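All remarks here apply to the structure that follows.
Remember, it's a predicted structure, so these values are computed and weren't measured experimentally.
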Amino acid sequence: MNGPTIHPPAGRLFVVEGVDGSGKSTQMTLLAQWLRGEGYPVVFSEWNSSTIVKSTTSRGKRRRILTPLTFSLIHATDFADRMDREIIPLLKAGAIVLADRYVYTAYARDVVRGVPPRWVRSLYRFAVQPTQAFYFRVSLGTALRRILSSRPKLKYYEAGLDVNPHTDSEESYRMFQGRLLEEYDAIVQEFGLTVMDASQPVEVQQRILRRAIGAHLNGIRKVAHAPV
Amino acid sequence: MRRFESYGDGIPRVNLDELSGWLVVVEGTDGVGRTTHVTRLRTHLERMGYAVAETGLSRSDLASRGIRRAKEGNILGTNAYNLFYATDLADRLERQILPALRAGFVMLTDRYIYSLIARAIVRGAEPDWIKQVYSFAIRPDAVFYLRIGVHDLVPRVLANGGAFDYWESGMDMSLGADIYESFINYQTQVIQQLDGLAREYEFETIDATGSVDEIAADLAQRVTRVLGAGSSVDSPMVIE
């Protein structure tokens with residue numbers, strides 16, 4: 001990545017990555033509570049959440065007209081909007097930005113869909129380098145058990161049915177998640193993500209996460225949070 | 001023989017060997033007369049017996065509404081606009097252009113990646129980056145570049161009622177004290193970029209200051225040559 005450099009007063013950008021069922025969102029929520037309690041300014045940025053771009057993504061998904069290429073591009077469009085209008089201004093203002101999924105999600109998913117790895121990496125060249133990115137590694141069996149036991153209705157693209165036609169959605173989901181885990185392992189090496197063992201108890205993982213993040217907080221200006 | 005190739009690593013899950021037909025691009029800045037000439041070319045080609053399809057910027061099923069809505073409020077950042085237009089082009093490439101080429105049509109395209117690259121660079125995108133983004137696109141059989149200087153462009157806007165368009169004047173970038181100054185500055189830069197791309201991507205440049213009929217005749221002759229060169233189609237059948 002070759003994104004812009006943010007000059008001080010600058011915030012921090014922390015990323016949690018992993019497949020569905022890795023527990024990354026739970027960890028991020030706990031992390032935010034702790035940081036807020038300590039008086040730090042915390043803001044979330046979620047994958048696929050630009051209000052303007054989202055209606056196009058939804059249209060494409062609903063009508064099943066997204067191909068691997070347009071799936072990749074519309075998610076990059078969404079990300080670009082959030083990067084330039086949310087994440088960068090917030091970092092300049094001195095916030096701690098917590099991103100649930102980041103460019104690595106695109107690198108994993110799009111490549112599994114057949115998009116050239118070099119091309120998808122170049123798409124996201126404008127992305128800011130995170131302060132630290134954590135990858136919650138989980139076994140395929142555990143991830144599938146967590147997701148499939150609670151949510152039997154799998155969505156078309158989520159299950160990878162666009163690239164695994166002729167399979168049932170659960171079978172396709174298993175294949176797709178299995179391939180994603182392989183891609184993530186390569187990404188961890190390439191971009192130096194910090195691997196978290198997501199099979200450990202929640203509180204153990206949280207303790208490790210807080211210690212890692214605490215090391216980066218020198219110089220962040222605290223704020224007085226409004227009472228909840 | 002491989003007729004079509006992509007500029008980069010190709011289009012995921014698409015076999016370019018299945019394509020026949022021709023991809024013909026008409027490029028040029030805003031208001032130069034592209035649309036008129038695309039229509040005239042179409043008539044010419046259909047008279048010769050070719051099946052013709054047309055496409056142009058922001059006409060995709062997927063993204064045209066989203067782009068229009070975003071532009072109404074001028075609310076997206078430049079990177080997001082650039083990628084939104086790339087999404088639009090990718091959707092049209094896969095769902096309009098490739099099907100037409102598979103069926104052996106002549107696909108006439110009113111602007112292609114080049115105008116989008118030029119506009120992105122004028123708005124501050126890194127040239128290498130935006131070219132890489134569009135490297136999924138397939139190389140056309142010909143790019144006819146209707147070239148005009150900005151001072152010949154102004155009378156055309158005036159002839160059409162004098163309404164300078166907000167985006168075609170680069171008003172989102174505050175390039176001048178008023179819309180006329182902004183138009184001159186913006187169009188000068190866009191034309192400069194297109195001129196550079198014309199060399200890089202080997203456009204056939206056509207002087208667009210001549211009369212409509214002269215330009216149309218020139219284009220007709222050129223397109224006939226392009227189709228003849230890559231043709232597996234016999235000369236037009238004569239019905240006795």
**Prompt:** Do Asp110(B) and Thr55(B) have side-chain atoms, one donor and one acceptor, less than 3.5 Å apart?
**Reply:** no

**Prompt:** Ignoring hydrogens and geometry, is there a side-chain-to-backbone donor-acceptor pair from Trp129(B) to Ser122(A) under 3.5 Å?
**Reply:** yes

**Prompt:** Checking heavy atoms, do the side chain of Val163(A), its backbone, both or neither come under 4.5 Å from chain B?
**Reply:** both

**Asked** Which region of Ser55(A), side chain (C-beta onward) or backbone (N, CA, C, O), has a non-hydrogen atom less than 4.5 Å from a non-hydrogen atom of chain B, or is it both or neither?
**Response** side chain

**Message:** So which residue, Leu93(B), Thr87(B), Leu89(B), Asn82(B), ends up with the most heavy-atom pairs under 4.5 Å with chain A?
**Reply:** Thr87(B)

**Request:** Quick one: pull up CG in Leu41(B) and CZ in Phe144(B) and give me the separation to the nearest 0.5 Å.
**Result:** 7.0 Å

**Request:** Measure the spacing between CE of Met196(A) and CZ of Phe136(A) and express it to the nearest 0.5 Å.
**Result:** 4.5 Å

**Complete:** Against chain A, residues from residues 190-202 of chain B with at least one heavy atom under 4.5 Å, in numeric order, are none

**Item:** Phe4(B) six-ring centre to Arg139(B) NZ/CZ under 6.0 Å and within 45° of normal
**Value:** no

**Message:** Tell me if the centroids of the rings in Tyr114(B) and Tyr145(B) come within less than 6.0 Å of each other.
**Reply:** no

**Request:** Identify which part of Arg113(A) has an atom lying under 4.5 Å from any heavy atom of chain B, answering side chain, backbone, both or neither.
**Result:** backbone

**Prompt:** Does Tyr184(A) have its ring centroid less than 6.0 Å away from the ring centroid of Tyr104(A)?
**Reply:** no

**Asked** In terms of heavy-atom proximity below 4.5 Å to chain A, should Glu94(B) be classed as side chain, backbone, both, or neither?
**Response** side chain

**Part of residues 67-74 of chain A lying next to chain B, heavy-atom separation under 4.5 Å** = Thr67(A), Pro68(A), Leu69(A), Thr70(A), Leu73(A), Ile74(A)

**Item:** Greatest number of heavy atom pairs closer than 4.5 Å to chain A - which of Gln132(B), Arg13(B), Arg95(B), Arg69(B)
**Value:** Arg13(B)

**Message:** I'd like to know which of Asp128(B), Asn79(B), Ile130(B), Ile67(B) tops the heavy-atom pair count under 4.5 Å against chain A.
**Reply:** Asn79(B)

**Asked** Would you say Thr77(A)'s side chain and Leu83(B)'s backbone share a donor-acceptor pair under 3.5 angstrom?
**Response** yes

**Item:** Salt bridge flag under 4.0 Å for residues Arg125(A) and Glu126(B)
**Value:** yes

**Fill in**
Among Ile75(B), Thr78(B), Asp91(B), the residue with the most heavy-atom pairs under 4.5 Å to chain A is Ile75(B)

**Asked** Where the side chain of Gln96(B) meets the backbone of Arg59(B), is there a donor-acceptor pair that is under 3.5 Å apart?
**Response** yes

**Prompt:** Ion pair present between Arg59(A) and Asp61(B), side-chain N to carboxylate O less than 4.0 angstrom?
**Reply:** yes

**Message:** Can you tell me which portion of Ile11(B) sits under 4.5 Å from chain A's heavy atoms? Options are side chain, backbone, both or neither.
**Reply:** side chain

**Message:** Testing the 3.5 Å rule here: is there a donor-acceptor pair between the side chains of Thr142(A) and Ser139(A)?
**Reply:** yes

**Pair Glu182(A) + Arg179(A), salt bridge at N-O below 4.0 Å** = yes

**Request:** Report the C-alpha distance between Tyr157(A) and Arg109(A) in whole Å, list the side-chain angles of each, state the deciding distance to 0.1 Å, and finish with yes or no for side-chain hydrogen bond (donor to acceptor under 3.5 Å, both in side chains).
**Result:** CA-CA 10 Å; Tyr157(A) 285 97; Arg109(A) 284 185 185 170; over 6 Å; no

**Complete:** Cut-off 4.5 Å, heavy atoms of chain A, and the answer for Asp88(B) is neither

